[in-house]
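Worksheet for the structure shown next.
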Amino acid sequence: MKKLINRPEDLVEESLAGLALAQPDLLRVVAPGVVVRIDAPRRGKVGLVSGGGSGHEPLHAGFVGPGMLDAACPGAVFTSPVPDQILAATRAVDGGAGVLHIVKNYTGDVMNFEMAAELAAADGIEVRAVTVADDVAVQDSLYTAGRRGVGGTLLVEKIAGAAAEAGADLAEVERLARRVCDGARSMGVALSGCTVPAVGRPTFELADDEMEIGIGIHGEPGRARVPLAPAAEVVRQLAEPILADLPFRAGDGVLAFVNGMGGTPLIELHVVFGALHRLLAGRGITVERSLVGPYVTSLEMAGCSITLLRLDDELRRLWDAPVRTAALRWGR
Amino acid sequence: MTETPAGAVFGAAPTVGVPELADWLRRFAALVAAAKDELTALDAAIGDADHGVNLDRGLQAVVARLPELGAPGATPASLLKGVALTLISTVGGASGPLYGTFFLRLAGSLGDAPAVGPGELAAGLRAGLDGMAERGRTQLDDKTMVDALAPAIAALAAGLPAAWDEVLARSVAAGAAGRDRVTPLVARKGRASYLGERSAGHQDPGATSAVLLLEALRDALAPAGAPG
């Protein structure tokens, strides 16, 4: 294992401390694993809290700031935060208008956020939760934990964040978050595993001529190990299940998000984006908005994911609204 | 039920008080620490490689708090409630709420008694198991901790009032058999379920740590020198 760390057990706190020093005008760390927007709580504004395991940076702490999240609670690497953290974040951002929890659909995350919401309710804070489950690689059935939350989480945080910033009430912010969940679909591929610092060994290993298709963002293996293929073919293998699932149809306008898993450079991500753009054009689907970069990562894993969100005027306007966070910034 | 102090008579059913429960937790922590790498390796195959590390972190926190939680005035319920809250606050992932809820419900079933007999303990473990299954929305054969704990706790209740050390040994055997029985199955809960058919044939890390919990209970409550 070769990493720029001190002690594995100090990694998350040291990284958050560094983030707060780098973004002093945006956020502060108010307790271990609790990152809060610098001006929270804002009276009358719905608070947005998200969180999950660390190792997906910039998700979630990199999205704390005006127009997006009010707080993030990162857990240990690839491990859900604990209820104490989530409760502390919820209290810190409650401005009297209620708090929305944005939860990626993993067994541990869902349970810990549920426990925190029960505790917050006992404090008299109104909490609603939206569960993001956009990964088409997982079959959604009674026989699985359900689909994972992956790249679509960023889109939920951005769009719900824009609505909350504009003064929407809790029910409206929740409705918009659900609209994004309903219209977003993702799928990912890994060219390498990744190494959890406390473990010290890669979670899985791939030969030079192999890729793992349908991976999540925790170094867990995917649905199938298949021969490595040229980028255009990989894009086809990711995009086909996404298009068929919603389904996306000719005439649709979409936001196309090509996400790096942490170890794949932008030069390759733009090759992927180009191939995706051509594939979508061939199906009569228009790319109206785009995002390319490592935003929802899996430590140093090589690979990428594709997320498509079907757009309409309402979602397009909220996507375009100003945002000022460590990792996403435009407008204003 | 007997008034005999724990460990005094071979095979006798002890009363279970704060010292015995603290010993159980200490032994569970030691077994998990020793098996940390094995648990992590099992989890790496079908999950996200954090079960051993997370559980070890939480149980070390529990051990550090045991002197305070078991201080004079403590009851089995107060001790176990403290254990539950510590696990919920330190483990994270799915294991934190699941083991935390297990100990919280166990604590809740024991009332204010300064010590309990085997029957009350078995009933309490059953309550803990029900809480865990409810929190995780888990059923038998989902391939989780529940598949090891359910047969073990059933064996405990069914085995009484036979010799306590034999009942505990049978309970561990039933738990291990439950763990191994579900290995060929496809996981239906947690991250292992994302693998679909690929999870079949892999031993479940949660069921594995649950057997360590049972072994620790046996070692803490079976009189010294007892078989198993």
Side-chain angles (χ1 to χ4, degrees), chain A residues 8-9 33 52-55 73-85 87 106-116 119 135 137-139 141-148 193-204 214-225 298, chain B residues 36-37 39-41 43-58 60-61 84-101 104 132 134-139 141-144 185-199 202 206:
Chain A
E9 54 270 40
S54 292
C73 357
V77 171
F78 295 167
T79 298
S80 160
V82 298
D84 310 35
Q85 270 172 274
L87 178 63
Y106 299 95
T107 307
D109 292 54
V110 170
M111 281 192 271
N112 282 287
F113 270 93
E114 269 177 16
M115 293 180 99
L119 295 168
D135 187 355
V138 176
Q139 287 178 359
S141 79
L142 290 174
Y143 306 109
T144 67
R147 286 184 165 169
R148 298 175 285 222
C194 58
T195 298
V196 176
V199 175
R201 294 180 306 278
T203 52
F204 61 82
I215 46 104
I217 52 176
H218 301 90
E220 68 267 49
R223 288 200 73 74
R225 191 160 293 190
S298 187
Chain B
K36 186 166 96 169
D37 290 346
L39 291 171
T40 293
D43 197 22
I46 55 173
D48 54 356
D50 64 358
H51 189 55
V53 175
N54 290 347
L55 205 52
D56 182 53
R57 181 179 57 236
Q60 294 311 320
L85 295 179
T86 306
L87 290 175
I88 290 168
S89 304
T90 54
V91 177
S95 314
L98 290 172
Y99 276 119
T101 303
L104 204 55
M132 177 189 265
E134 204 176 295
R135 178 62 68 192
R137 300 182 187 99
T138 309
Q139 299 181 338
D141 293 350
D142 283 349
K143 200 171 179 178
T144 69
L185 302 184
V186 173
R188 294 188 200 156
K189 282 286 183 287
R191 285 183 191 156
S193 73
Y194 303 140
L195 294 180
E197 297 292 336
R198 286 174 86 185
S199 67
H202 285 283

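A, B, ... follow the sequence lines: proteins, then strands. Residue 1 opens every chain.
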> Which answer fits B/A192, side chain, backbone, both or neither, if we ask what part of it has an atom under 4.5 Å from a heavy atom of chain A?
Replying inline: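 Neither the backbone nor the side chain of B/A192 comes within 4.5 Å of chain A.
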Of the non-hydrogen atoms in [X] and [Y], which two are nearest, and what is the gap between them?
| X | Y | value |
| --- | --- | --- |
| B/S89 | A/D84 | OG-OD2, 2.9 Å |
| A/M115 | B/P97 | SD-CB, 3.7 Å |
| A/T79 | B/G93 | CG2-N, 3.2 Å |

> Should the heavy atoms of other residues, nucleotides or ligands under 6.0 Å from CD of A/E9 be counted, would the total exceed 12?
Replying inline: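 Yes, enclosed.
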>> Would you say that more than 12 heavy atoms from the other residues, nucleotides or ligands in this model lie under 6.0 Å from the CZ of A/R201, or not?
In response: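 Not more than 12 within 6.0 Å, no.
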> Is it the side chain or the backbone of A/F204 that comes within 4.5 Å of chain B heavy atoms, both, or neither?
Replying inline: neither
> Residues two or more places apart in sequence or in another chain: which of them pass side chain to side chain contact (heavy atoms under 4.5 Å, CB included) with A/A137?
Replying inline: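 Expected list: A/D135, A/R148, A/M187, A/R223.
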> Between B/A41, B/A44, B/A94, B/S95, which has the largest tally of heavy atom pairs under 4.5 Å with chain A?
Replying inline: B/A94
>> Can you tell me which of B/T101, B/L85, B/T40, B/N54 forms the most heavy-atom pairs within a distance under 4.5 Å of chain A?
In response: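 Option with the top pair count is B/N54.
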> With side chains defined as the heavy atoms from C-beta onward, is the minimum distance between A/T107 and B/K189 less than 4.5 Å?
Replying inline: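 No, their side chains stay 4.5 Å or more apart.
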> Pick from A/P83, A/G75, A/G214: which one has the most heavy-atom pairs with chain B under 4.5 Å?
Replying inline: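 Option with the top pair count is A/P83.
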> Going from CD on A/E114 to CZ on B/R135, what distance comes out if it is rounded to the nearest 0.5 angstrom?
Replying inline: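 Reported value, rounded in 0.5 Å steps: 6.0 Å.
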